[in-house]
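Following: one structure in structure tokens, then a few remarks.
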Amino acid sequence: MLISYRKNLDRIIFLSMMSFFVLPVLATIYQALAYSFSLQCLAIVISTQIMFVMDTVEMNMRFHSQQAAYEKARYEAEHDGMTGLLNKEAGWKHMRKYFDRMDSHDEAMLMFVDIDDFKTINDTYGHTVGDFWIREVASQLRHIYRQDDIICRYGGDEFLALIRNTASEQVLETTLGMFFQQLARTSEQHGQITPDFLRTFGFRV
């Protein structure tokens with residue numbers, strides 16, 4: 001554990017902790033070879049090594065616990081709780097970072113997805129169904145685009161997607177066709193909305 005964390009420790013602290021473990025062991029081995037064993041010294045060495053190992057294990061567990069708490073807090077701060085997508089602030093942050101690194105040869109498409117008259121869905125079928133379709137739209141966007149594309153929930157029923165390293169209209173039309181087909185298929189499977197709900201409620205891109 002010490003060796004695995006040596007990059008996170010000051011050199012002096014790392015060497016001190018290693019010496020606490022190594023030097024008593026070396027001294028015990030030397031004494032055993034030169035003078036024969038001393039049970040008292042051996043007992044002291046073993047007890048200190050046990051204390052050292054237990055303290056190191058506890059430190060390791062505490063470190064991992066703090067690291068997990070930090071990662072969870074950072075994830076929750078950057079992601080939308082309902083869809084798991086990046087939230088608006090984090091999405092813009094990632095997109096600006098990508099824009100800053102772009103050069104004259106890079107291409108990208110920025111797509112805005114809005115569910116028109118989404119209030120009608122909530123009013124007609126209830127908020128549970130409305131929430132289902134928000135999650136379903138997010139899931140399908142995440143499914144049809146690549147992992148390195150940037151997709152975020154921009155607002156209540158609005159999504160923003162940055163499709164990186166492409167500016168092909170054919171690619172956009174193909175992926176959007178898959179997107180609409182899957183949404184229509186899902187609506188038929190659940191029987192929640194009429195099969196032509198895309199035209200009725202007007203998904204607009």
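Because the structure is predicted, anything quoted here is derived from the model rather than measured.
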Tell me, please, which residues at least two apart from Glu89 pass side chain to side chain donor-acceptor pair (under 3.5 Å).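 Here no residue qualifies.
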
Could you tell me whether the side chain of [X] and the main chain of [Y] form a donor-acceptor pair under 3.5 Å?
X      : Y      : answer
Asp106 : Asp103 : yes
Thr124 : Ile121 : no
Asn87  : Ala77  : yes
Arg164 : Arg146 : no
Ser139 : Arg135 : no
Ser65  : Met61  : no

Taking only residues two or more places apart in sequence or in another chain, which ones pass salt bridge (Lys or Arg N to Asp or Glu O under 4.0 Å) with Glu58?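 Checked Glu58 against salt bridge (Lys or Arg N to Asp or Glu O under 4.0 Å); matches are Arg62.
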
Are Lys97 and Asp100 close enough for a salt bridge, meaning some N to O gap below 4.0 Å?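 Salt bridge: no.
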
With sequence neighbours excluded, what pairs up with Tyr75 under the ring pair (Phe, Tyr, Trp, His ring centres under 6.0 Å) test?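 By the ring pair (Phe, Tyr, Trp, His ring centres under 6.0 Å) rule, Tyr75 matches His79.
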
To the nearest 0.5 Å, how far apart are [atom1] in [X] and [atom2] in [Y]?
X      : Y      : atom1 : atom2 : value
Tyr145 : Leu162 : OH    : CG    : 11.0 Å
Ile151 : Arg142 : CD1   : CZ    : 8.0 Å
Phe63  : Asn60  : CZ    : CG    : 8.0 Å
Asp80  : Tyr154 : CG    : OH    : 14.5 Å
Ile163 : Leu141 : CD1   : CG    : 8.0 Å
Asn122 : Asp131 : CG    : CG    : 7.0 Å

Intermediate values then yes/no, side-chain contact (heavy atoms from CB on, under 4.5 Å), Lys88 and Trp92: CA-CA 6 Å; Lys88 179 179 178 180; Trp92 273 120; 3.8 Å; yes

Do [X] and [Y] share a hydrophobic cluster (ILVMFWY, side-chain heavy atoms under 4.5 Å, transitive)?
X      : Y      : value
Phe99  : Ile150 : yes
Met178 : Met109 : yes
Phe112 : Met95  : yes
Phe180 : Phe132 : yes
Met51  : Val53  : no

Met82 vs Arg153, test: side-chain contact (heavy atoms from CB on, under 4.5 Å). Steps then yes/no. CA-CA 10 Å; Met82 178 183 294; Arg153 186 181 181 188; 3.7 Å; yes

Step by step, work out the side-chain contact (heavy atoms from CB on, under 4.5 Å) result for Trp133 and Asp157. CA-CA 9 Å; Trp133 284 107; Asp157 59 351; over 6 Å; no

Of all heavy-atom pairs between [X] and [Y], which one has the smallest distance, and what is that distance?
X      : Y      : value
Gly91  : Cys152 : CA-CB, 3.9 Å
Leu183 : Gln140 : CD2-CG, 4.0 Å
Val129 : Tyr125 : CG2-O, 3.5 Å
Phe118 : Gly130 : CZ-O, 3.3 Å

Should Ile115 and Ile134 be marked as a side-chain contact (heavy atoms from CB on, under 4.5 Å) after you check the CA-CA gap, both sets of side-chain angles, and the distance that decides it? CA-CA 9 Å; Ile115 308 175; Ile134 290 292; 4.2 Å; yes

Over 12 non-hydrogen atoms of neighbours within 6.0 angstrom of CD in Glu71: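 Yes, CD of Glu71 has more than 12 neighbouring heavy atoms, counting only those of other groups under 6.0 Å.
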
Flag if over 12 foreign heavy atoms under 6.0 Å of CG, Leu26: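 More than 12 within 6.0 Å, yes.
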
